[in-house]
Amino acid sequence: MTNLTIRRPDDWHLHLRDGAMLRAVLPETARHFGRAIIMPNLVPPVVTGAEALAYRERILAALPEGAAFEPLMTLYLTETTDPEDMARAAASGLVKAVKLYPAGATTNSDSGVRDFDKVRGVLERMAEIGLPLCVHGEVVDPSVDIFDREAVFIETVLDPLRRATPGLRVVMEHVTTAEGVAYARAGGPDLAATITAHHLVINRNHILAGGIRPHYYCLPIAKRETHRLALVEAATSGDAAFFLGTDSAPHPDPAKEQACGCAGCFTATNALSVLAEVFETAGALDRLEAFVSLNGPAFYRLPPSEARITLSKGAPVAYPDKIASGAGPVTVFDAGFPLHWQVET
Ligand code: DOR
Ligand code: ZN
């Protein structure tokens, strides 16, 4: 096969930032994706409906002329989130999900949740109205090994939380482990999981063996190879519980290449090329559309895109190493192998 036409993909987990960085990275996503779930971890975070509306307007204003891209807004869950404001923002169609960051888990998560009893009312309201909770699933306990934080979170936080809130619809964001895959697969229609492009191609050796590579450092951190293989199996299986959330997370190079570098891989530019290569290698190109264009809208109860894109296979594609942003260069994800598929323009 050298050509593949599929419905226009969506990205169910994306960091666009704000200001100069937003203007630099938004065209990279809007070129290929029709919609994206926009993460709210700005400084300060997007907590209220009014803040989400204002952020949405800044995103629309930063879109290149003629781009057909719809930002799907989220609210950042805090211990003081007002359930009524959240419900109004959802009822108006503005907000499509609420994001749960355990406080301290990752970039700009300080306003996140420490005491889950304090968010019980919001979660119960979300279960009533069917609004999905997007979960960053890692415990923050410093005594838990960073490579175990996802599995421990599922057992000690996520599973009790779901049992205590029947009907709550949950997206396990960026799963990175076989345990995460197994839990999502067994969770029934109210549970789904996003998988990034980068976690399908890197394991922890890529970050740490033969030198430390900050551009492969993200959270949750890539795990050992057996986990990567479980992720590939899940993504390429066609199972509706799994869909793409790139977690494309730009940081200027100086913020990543330093003694304490930021977490995040910037993949918006080439995520679809990486995915096509992964699916082709797995003999599952016929399931790429389910993963990038069908399973996500089905979970979010939105229609799939009516637009189409065509991916074509040819000589290896040269992507830029970096894109310029007002805040400095941002390194584009390097899959570490040639990418033969590209989206036709
Ligand atoms: O690697 C990551 N980067 N993981 C996250 O959870 C946050 C993100 C960011 O905002 O940079
Ligand atoms: Zn993220």
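Just so it is clear, the model here is predicted, and its values are computed rather than measured. Order of appearance sets the numbers: ligands from 1, and atoms from 1 within every ligand. By convention here, the first residue in the shown sequence is residue 1.
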Restricting to salt bridge (charged side-chain N to carboxylate O under 4.0 Å, His left out), what partner residues turn up for Asp148, sequence neighbours left out?
none
Applying a strict under-4.5 Å side-chain criterion to I, L, V, M, F, W and Y, I'd like to know whether Trp341 and Leu339 cluster together.
yes
Whether the Asp334 and His215 side chains hold a donor-acceptor pair (N or O, under 3.5 Å, no angle test) is what I'd like checked.
no
Polar atom proximity, Gly264 to ligand 1 (N or O, under 3.5 Å):
yes
Taking the minimum heavy-atom distance to atom 9 (C) of ligand 1, which of His174, Glu173, Glu138, Arg17 ranks first?
Arg17
Number the atoms of ligand 1 from 1 as they appear, then name those within less than 4.0 Å of a heavy atom of Asp247, with their elements.
4 (N)
Any side-chain heavy-atom pair from Pro132 and Lys96 closer than 4.5 angstrom?
no
Using a 4.0 Å heavy-atom threshold (strictly under), name the region of Met39 that reaches ligand 1: side chain, backbone, both or neither.
neither
Check salt bridge (charged side-chain N to carboxylate O under 4.0 Å, His left out) between Arg185 and all other residues, then give those that pass, not counting sequence neighbours.
Glu233, Asp239
Near the Zn ion (ligand 2), meaning under 2.8 Å, how many protein N/O/S atoms are there?
3
Does Tyr101 reach ligand 1 with a nitrogen or oxygen that is under 3.5 Å from one of the ligand's nitrogen or oxygen atoms?
no
Would Tyr183 and Asp159 count as having a side-chain donor-acceptor pair, cut-off 3.5 Å?
yes
Work out which heavy atom in Thr107 is nearest to a heavy atom in Ala263; give both atom names and the distance.
OG1-O, 3.8 Å
Would you check whether Leu219 has a nitrogen or oxygen atom less than 3.5 angstrom from a nitrogen or oxygen atom of ligand 1?
yes
Output the list of atoms in ligand 1 that are nearer than 4.0 Å to some heavy atom of His136, sorted by atom number.
6 (O)
Check each atom of ligand 1 against the heavy atoms of Cys218 and keep those under 4.0 Å away; list them by number with element.
1 (O)
Any nitrogen or oxygen of Ala249, main chain or side chain, under 3.5 Å from a nitrogen or oxygen of ligand 1?
no
Asn108 to ligand 1, any heavy atom closer than 4.0 Å:
no
Cationic tip of Arg169 within the cone over Phe299's six-membered ring, i.e. under 6.0 Å and within 45° of the normal?
yes
Please list the nearest protein heavy atom to atom 5 (C) of ligand 1 with its residue and the distance rounded to 0.1 Å.
Thr106 OG1, 3.0 Å
Have a look at Thr176 and tell me which of His227, Arg149, Lys223, Glu138 forms a side-chain hydrogen bond (donor to acceptor under 3.5 Å, both in side chains) with it.
Lys223
Among all protein non-hydrogen atoms, which one is nearest to atom 3 (N) of ligand 1, and what is the separation to 0.1 Å?
Ala263 O, 3.0 Å
Tell me yes or no: between the side chains of Asp11 and Thr246, is some donor less than 3.5 Å from an acceptor?
yes
Tell me the closest heavy-atom pair linking Arg31 and Arg8, and the distance in Å.
O-NH2, 3.3 Å
With only distance considered, is Thr107 within less than 3.5 Å of ligand 1 through an N or O on each side?
yes
By the side chain to side chain donor-acceptor pair (under 3.5 Å) test, which pairs, at least two apart or in different chains, include something from residues 282-301?
none
